[in-house]
Amino acid sequence: MSKYDALWEYIQKDGSPFLSLTFEEIQGIAGLPIDHSFLKYKKELLDYGYQVRKISMKEQEVLFEKKD
């Protein structure tokens, strides 16, 4: 079980082609703050039909994209 499973399930259930979440929203969904380990864990999202398209440190948000 991954520490980001709750986030991945949330994104999958949303079903949008693109989904943008702030770091604060991610913390609320996952129950933990986003940190450097997110870069390692983001590969798990492919199993849920999505990928991380962009991480913006300036805007403090992550853009997720549904895979075809």
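Position 1 is the first residue of the sequence, and the numbers go up from there.
- Residue Y50 comes nearest to K67 through the heavy atom pair C-CG, 3.9 Å, listed as atom of the first residue, atom of the second, then distance.
- Closest approach of Y4 and P33 over heavy atoms only: OH-O, 3.8 Å.
- Within the 4.5 Å cutoff, no side-chain heavy atoms of S20 are placed close to those of E59.
- Distance alone, capped at 3.5 Å, places no donor-acceptor pair between the E9 side chain and the A6 backbone.
- To the nearest 0.5 Å, the span separating CG on L19 from CZ on R53 amounts to 13.5 Å.
- Residues L7 and I29 come closest through the heavy atom pair CA-CG2, 3.8 Å.
- Side chains of V62 and L21 form no contact here, defined as non-hydrogen atoms less than 4.5 Å apart.
- Side-chain contact check for K3 versus L32: some heavy-atom pair is nearer than 4.5 Å.
- Listed by chain and residue number, nothing satisfies the salt bridge (charged side-chain N to carboxylate O under 4.0 Å, His left out) test with K54 (two or more places apart in sequence, or in another chain).
- Residue pairs meeting the ring pair (Phe, Tyr, Trp, His ring centres under 6.0 Å) criterion with at least one member in residues 9-32: none, sequence neighbours excluded.
- In Q51, the CD atom is crowded: over 12 heavy atoms of neighbouring residues, nucleotides or ligands sit closer than 6.0 Å.
- Note that CD1 of I26 and CD of E61 are 9.0 Å apart. Values are rounded to the nearest 0.5 Å.
- Partner V52 forms a side-chain contact (heavy atoms from CB on, under 4.5 Å) with one of L63, L46, L45 and no other, that one being L45.
- For the pair S16 and F64, the minimum side-chain heavy-atom distance is 4.5 Å or more.
- When all heavy atoms of M57 and Q60 are compared, the pair lying nearest together is O-NE2, 3.0 Å.
- Here E44 pairs with S2, W8 under the side chain to side chain donor-acceptor pair (under 3.5 Å) rule; sequence neighbours left out.
- Two residues are said to be in side-chain contact when any heavy atoms from C-beta on lie closer than 4.5 Å; I55 and L39 meet this criterion.
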